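Here the structure is laid out as structure tokens; the discussion comes afterwards.
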There are 2 protein chains.
Amino acid sequence: MSTLAQGKADLERASTAQKVADMLRERVLDGELEPGLRLSEEAIGGALGVSRNTLREAFRLLTRDRILVHEHSRGVFVRRPTGDDVRDLYAARRVIECGALRLWNDVSEAQREAVRSPVRQAVARAEKNDFSKTGTANIQFHRGIVGLAGSTRLSDESDRLFAELMLAFRVAREMDAFHQTYLPWNRRIVELLNNGTVEQAVVQLDEYFAAAEQDLVGRLSAD
Amino acid sequence: MSTLAQGKADLERASTAQKVADMLRERVLDGELEPGLRLSEEAIGGALGVSRNTLREAFRLLTRDRILVHEHSRGVFVRRPTGDDVRDLYAARRVIECGALRLWNDVSEAQREAVRSPVRQAVARAEKNDFSKTGTANIQFHRGIVGLAGSTRLSDESDRLFAELMLAFRVAREMDAFHQTYLPWNRRIVELLNNGTVEQAVVQLDEYFAAAEQDLVGRLSAD
DNA sequence: ATCGTAGAATCGTTCAACAATCCAACGATC
DNA sequence: GATCGTTGGATTGTTGAACGATTCTACGAT
């Protein structure tokens, strides 16, 4: 059954616009296309060998994911989050993730493991002084928390919030150090969860958000 | 200042695709275009006098809002929520709204009033046996709750969830009676909030979601 | 130095065309 | 009689060109 579903995913080849959007998303999140950059329809369409109309469809898809912003008659730009954006972002994350974490005792073991495992791996790597994937590990931890809610819609929206946050990190030019700082926090949260003290874990998560928001907003408004 | 903002809103005239999307959204939420209906590019483009490319952009916008679903090489359809969709929807709402409601004591009076006022108006109308706007009043109540979080991203996502839920109501063919049933619940929640017993209000809201979800899922799977 | 204006560049939208895909009707086979 | 290819016809996916509308840039006037 699962192999059939796999095959189906292969068969449902993405449209050209979808493929272009995926490629551009990767380029933006990798940092090749910096926040604030304008994406010319002609230049990018020519480089990728797709028509303007198809490219515009790809732009609309990425606008939906808040990777790009569209300004009428001016073009599309790589999103460049402001301090206000970050505040809004964290207000949303606080409600979503703290709410999801409170469901800890009502969910499946697999869902709980999706929260523990990223932290365990990050700790293991940190002990070997390997901080390469510390950024994605942090994201995985928080994706796991949102997953406790069991709603694909909520998880998808959170992914959009994470993507936007990645752009904010990039503007602040402190991606690695940032995530690294907050690993101890994640560790403590998992410990509290394992001890069965869910409410204390929620409090820790909330404090994490307060600290992270303040840190990031500070770096952004410093510019 | 507010007049300037007004003028700016007028100047930023929407694009053709945006206007077409707005019109179609209205038609769908009014029920003129029923869930499951396929929207032919040629037919609708001809009727509205816009080109296929522009219409396709409008479709993409509505797909973002989950009003329409896009099936590759088959066309776009008015979304027709299933029982699983409704479960997913309520899982998201539970986390978002219960989490937002817990912030009751930390927000501005204006934000609190945005929760109370829709219920007060609905009660006043109900006493006069006027159940005309009971549906939108219920939505406004819940929009107010989400607004407590103070995040436009969260409020926007909730609006999408509400729109999707409207479509589910339409499939279940029980829009008015449905909302009407749950007015007493909203009333009780507001009372508990005014008494300062926020946690009890959250419990009531959670029970409301459980009942509403079960009711709606039952009607949908009965088909 | 500020302002206004002309011209270039880019976006918004339309139109026409063709390939790719889906769908429904029709027979062929067992 | 039901299931399985096959064949057209209709619809979507994508392209390329075209033109008006809007924005940006650079130049010159005050």
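Keep in mind that what you see is a predicted model, and the values were worked out from it rather than measured. In what follows, chains are A, B, ... by sequence order, proteins preceding strands, each numbered from 1.
Both S51(A) and V76(B) lie near DNA chain D, and the one whose nearest nucleotide falls closer to the 5' end is V76(B).
The distance from atom NE2 of H72(B) to atom C1' of dG13(D) is 7 Å, rounded to the nearest whole Å. Rounded to a whole Å, the CG atom of L61(A) is 11 Å from the P atom of dT14(D). For the pair E57(B) CD and dG12(C) C1', the interatomic distance rounds to 8 Å; values are reported in whole Å. Going from atom CD of Q18(B) over to atom P of dT13(C) covers 10 Å, rounded to whole Å. Here the P atom of nucleotide dG12(C) and the NZ atom of K19(B) are 14 Å apart, to the nearest Å. In this structure, the CZ atom of R56(B) is 14 Å from the P atom of dT14(C), given to the nearest Å. In this structure, the CD atom of E41(B) is 11 Å from the P atom of dT14(D), given to the nearest Å. One atom, CD of E42(A), and another, P of dT15(D), lie 15 Å apart when rounded to the nearest Å.
Residues S15(A) and Q18(A) bring no donor and acceptor atom of their side chains to less than 3.5 Å of each other.
No contact: G45(A) has no heavy atom under 4.0 Å from any strand.
Regarding contacts with the backbone of dT13(C), a side-chain N or O of T16(B) is found under 4.0 angstrom from either OP1 or OP2. Within the 4.0 Å cut-off from OP1 or OP2 of dT10(C), not a single side-chain nitrogen or oxygen of S73(A) is found. Between R52(A) and dT14(D) there is no side-chain polar atom (N or O) within less than 4.0 angstrom of OP1 or OP2. For the OP1/OP2 pair of dG12(C) and a distance below 4.0 Å, the side-chain nitrogens and oxygens of H70(A) include at least one atom meeting the criterion.
Of the candidate nucleotides dT12(D), dC11(C), dG16(D), dG16(D) has the atom lying nearest to any side-chain atom of N53(B).
With hydrogens and angles ignored, no donor-acceptor pair closer than 3.5 Å exists between the side chain of R74(B) and the base of dG13(D).
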Could you walk me through whether D30(A) and R27(A) pass the salt bridge (Lys or Arg N to Asp or Glu O under 4.0 Å) test, one step at a time? CA-CA 5 Å; D30(A) 280 358; R27(A) 292 280 187 283; 5.5 Å; no
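You'll find the ring centres of H142(A) and Y182(A) outside the 6.0 Å limit.
At a threshold of 4.5 Å between non-hydrogen side-chain atoms, the residues R60(B) and H70(B) count as touching.
A salt bridge links D22(B) with R25(B): at least one charged nitrogen is closer than 4.0 Å to a carboxylate oxygen.
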